[in-house]
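Worksheet: the structure to be examined is printed underneath.
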Amino acid sequence: MSFTPGTIWQDRSVIVTGGTRGIGRGIAELFARQGAAVALTGRDAAAAAKAAGDLARATGGQVCGLGVDLRDPEAIEAMAAEAERRHGHVDVLCANAGIFPEKPLRALTAADIDEVLQVNLRGSMLAVRACLPAMERAGHGRIVLTSSITGPATGFPGWSHYGASKAGQLGFLRGAALELAPQGITVNAVLPGNVRTEGLDAMGEDYLRRMTSSIPLGRIGESSDIAHAVLFLASDEAAFITGQSLTIDGGQTLPESLDALTTTA
Ligand code: NAP
């Protein structure tokens, strides 16, 4: 039996899509605090550079910001090339960026569906593909997708297109994990429940209050709750885990019924 001495994060180069705020910012911050070189992305290059500068100052880490719209395949290819040029290699991809516009099924247009699938599903797939040459050159790789409980485990009125995109990510990761296993590249996903971010705050106080009451651990998640799970799945210690998804939801998907939340044994 052998135990790994622990990941030397100073040797690792990490890309975090959607790292300008929310969960992605939390993931980028944790990697930067460990000493990894981080490239975070957002749609706007100036905003991404500012977020990266703020994070570098806060952590003392090596962080750069790249403007990448996940609807643009060429920009995604350029992202991987630029991260490799700046940091010498790409070891970890956190395919995190995503959008969650609410729209009831009856009102959904083809354009609404296309946009959510393009950013959340196609964008993650293309980001993975773009990073493969660099990971193959590095001789290893860790890919962690940010999916959701919505779609893979639960449904929510108004988010059928979003749920389809998030469940689709898991179908993708299983095939990708098999294809990439021979190269030592693992592909896993985190499934956050409700996590306090700018995106979630936009849903309003009433939504947040109702959600909190459905979470057995009694609070909305923090970006750091997700970031710690991503860090583990990206570590050397997780070398034997691939094709899996880890739910991080404070127990939200656990109760069999509302009774299970209110009845005490
Ligand atoms: P958020 O606060 O709205 O942040 C979204 C991030 O994605 C931003 O950095 C944004 O960057 C980027 N982004 C949006 N559209 C993009 C596009 N077209 N191309 C490239 N980047 C784009 O969201 P969040 O709450 O942190 O969510 C992050 C991920 O977690 C998403 O995949 C979401 O589905 C998932 N998730 C969130 C929750 C939750 O409760 N918050 C729960 C389950 C799953 P710019 O605005 O700078 O372009």
Side-chain angles (χ1 to χ4, degrees), residues 15-29 38-52 54-55 63 65-76 78-79 93-102 114-127 130 144-156 159 161-170 172-173 189-204 207-208 210-212 214-215 219-227 229-230 245-250 252-253:
I15 296 176
V16 183
T17 70
T20 53
R21 55 194 158 87
I23 293 175
R25 190 187 186 286
I27 294 170
E29 177 170 352
V38 176
L40 64 79
T41 80
R43 279 164 297 183
D44 179 66
K50 181 178 182 314
D54 291 347
L55 212 50
V63 188
L66 305 175
V68 183
D69 192 322
L70 285 175
R71 292 168 296 190
D72 178 353
E74 282 176 18
I76 298 172
M79 165 190 81
L93 166 68
C94 303
N96 164 82
I99 53 172
F100 33 96
E102 181 183 7
D114 282 349
E115 168 144 55
V116 165
L117 292 180
Q118 242 180 41
V119 177
N120 296 1
L121 180 56
R122 194 184 78 167
S124 323
M125 295 168 71
L126 289 176
V144 185
L145 309 177
T146 305
S147 176
S148 175
I149 58 170
T150 310
T154 63
F156 207 103
W159 279 279
H161 53 336
Y162 173 75
S165 74
K166 292 287 152 180
Q169 286 181 311
L170 298 194
F172 164 69
L173 90 79
V190 288
L191 275 57
N194 283 273
V195 178
R196 188 111 208 190
T197 63
E198 291 85 338
L200 198 80
D201 281 349
M203 314 278 287
Y207 174 89
L208 290 172
R210 281 186 288 123
M211 278 304 135
T212 305
S214 72
I215 300 172
R219 66 172 175 88
I220 298 282
E222 300 290 336
S223 292
S224 58
D225 293 316
I226 310 306
V230 172
S245 49
L246 180 58
T247 298
I248 306 149
D249 69 348
Q252 189 176 345
T253 51

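Count residues from 1 along the sequence. Atoms within a ligand are numbered from 1 in the order they appear, just like the ligands themselves.
Of all non-hydrogen atoms in Ile27 and Cys94, the two that sit nearest each other are CG2-SG, 3.9 Å. Scanning both residues, Thr150 and Lys166, for their nearest heavy atoms gives O-CB, 3.4 Å. Between Gly193 and Ile149, the shortest heavy-atom distance links the atoms CA-CD1, 3.7 Å. Annotation for Ile23 and Val195: closest pair CG1-CG1, 3.8 Å, computed over non-hydrogen atoms.
Ligand 1 does not have Ala48 within reach: every non-hydrogen atom of the residue lies 4.0 Å or more from it. The closest approach between Ser147 and ligand 1 falls below 4.0 Å for a heavy atom of the residue. Residue contacts with ligand 1: Gln118 is excluded, as none of its non-hydrogen atoms falls under 4.0 Å.
Residues Ile15 and Leu66 have side chains not in contact (no heavy-atom distance under 4.5 Å, counting atoms from C-beta outward). You'll find the side chain of Arg196 reaches within 4.5 Å of the side chain of Leu208, heavy atoms only. The side-chain heavy atoms of Asp249 and Leu191, taken from C-beta on, include no pair separated by under 4.5 Å.
Contacts with ligand 1 closer than 4.0 Å are made by no heavy atom of Arg196, backbone or side chain. Within the 4.0 Å heavy-atom criterion, the part of Val68 lying near ligand 1 is the backbone and not the side chain. The part of Leu200 lying near ligand 1 is the side chain, judged by heavy-atom distances below 4.0 Å.
Considering Gly193, Gly26, Gly221 only, the shortest heavy-atom separation from atom 38 (C) of ligand 1 involves Gly193. Of the listed options Ile220, Val195, Ile248, Val195 places a heavy atom closest to atom 41 (N) of ligand 1. When the heavy atoms of Ile76, Thr197, Val116 are ranked by distance to atom 24 (P) of ligand 1, first place goes to Thr197.
Among the atoms of Ile99, none of the N or O lies under 3.5 angstrom from an N or O of ligand 1. Between Thr20 and ligand 1, at least one pair of N/O atoms sits closer than 3.5 Å. Annotation: Asn194 places no N or O atom under 3.5 Å from an N or O atom of ligand 1; distance criterion only. Inclusion of Thr41 in the set of residues having an N or O under 3.5 Å from an N or O of ligand 1 is not warranted. Of the N or O atoms in Phe100, none lie within a sub-3.5 Å distance of an N or O in ligand 1.
Counting only distance, with no hydrogens or angles, the side chain of Ser223 and the backbone of Gly22 share a donor-acceptor pair below 3.5 Å. Judged by distance alone, the side chain of Asn96 and the main-chain N or O of Gly18 form a donor-acceptor pair under 3.5 Å. For His161 (side chain) and Glu115 (main-chain N/O), no donor-acceptor pair under 3.5 Å exists by modelled atom type. No donor-acceptor pair closer than 3.5 Å links the side chain of Thr17 to the backbone N or O of Ala95. Between the side chain of Ser224 and the main chain of Ala227, no donor-acceptor pair closer than 3.5 Å is present. Judged by distance alone, with hydrogens and angles left aside, the side-chain atoms of Ser245 form no donor-acceptor pair with the main-chain N or O of Val190 at under 3.5 Å.
Among protein heavy atoms, the minimum distance from atom 4 (O) of ligand 1 is reached at Arg21 NH1, 3.3 Å. Of the protein's non-hydrogen atoms, Ala97 CB, 4.1 Å is the one closest to atom 13 (N) of ligand 1. Taking atom 19 (N) of ligand 1 as the reference point, the nearest protein heavy-atom neighbour is Leu70 N, 2.9 Å. Considering only non-hydrogen protein atoms, atom 29 (C) of ligand 1 sits nearest to Asn96 O, 3.1 Å. Among all non-hydrogen protein atoms, the one lying nearest atom 33 (C) of ligand 1 is Tyr162 OH, 3.5 Å. Summary of contacts: the protein heavy atom closest to atom 12 (C) of ligand 1 is Gly18 CA, 3.7 Å. Protein heavy atom in closest approach to atom 37 (C) of ligand 1: Ile23 CD1, 3.5 Å. Taking atom 18 (N) of ligand 1 as the reference point, the nearest protein heavy-atom neighbour is Asp69 OD1, 3.1 Å.
The contact set between ligand 1 and Gly22, taken as ligand atoms under 4.0 Å from a residue heavy atom, comprises 2 (O), 26 (O). Counting the atoms of ligand 1 from 1 in the order shown, those under 4.0 Å from a heavy atom of Gly42 are 11 (O), 47 (O), 48 (O). Listed by atom number, the atoms of ligand 1 under 4.0 Å from Thr146 heavy atoms are 29 (C), 30 (O), 32 (O), 35 (C).
Ion pairing between a basic and an acidic side chain is recognised when a charged N comes within 4.0 Å of a carboxylate O; Asp54 and Arg25 show no such pairing.
Phe100 and Tyr162 have perpendicular rings, their planes meeting at more than 60° on a 0 to 90° scale where under 30° would count as parallel.
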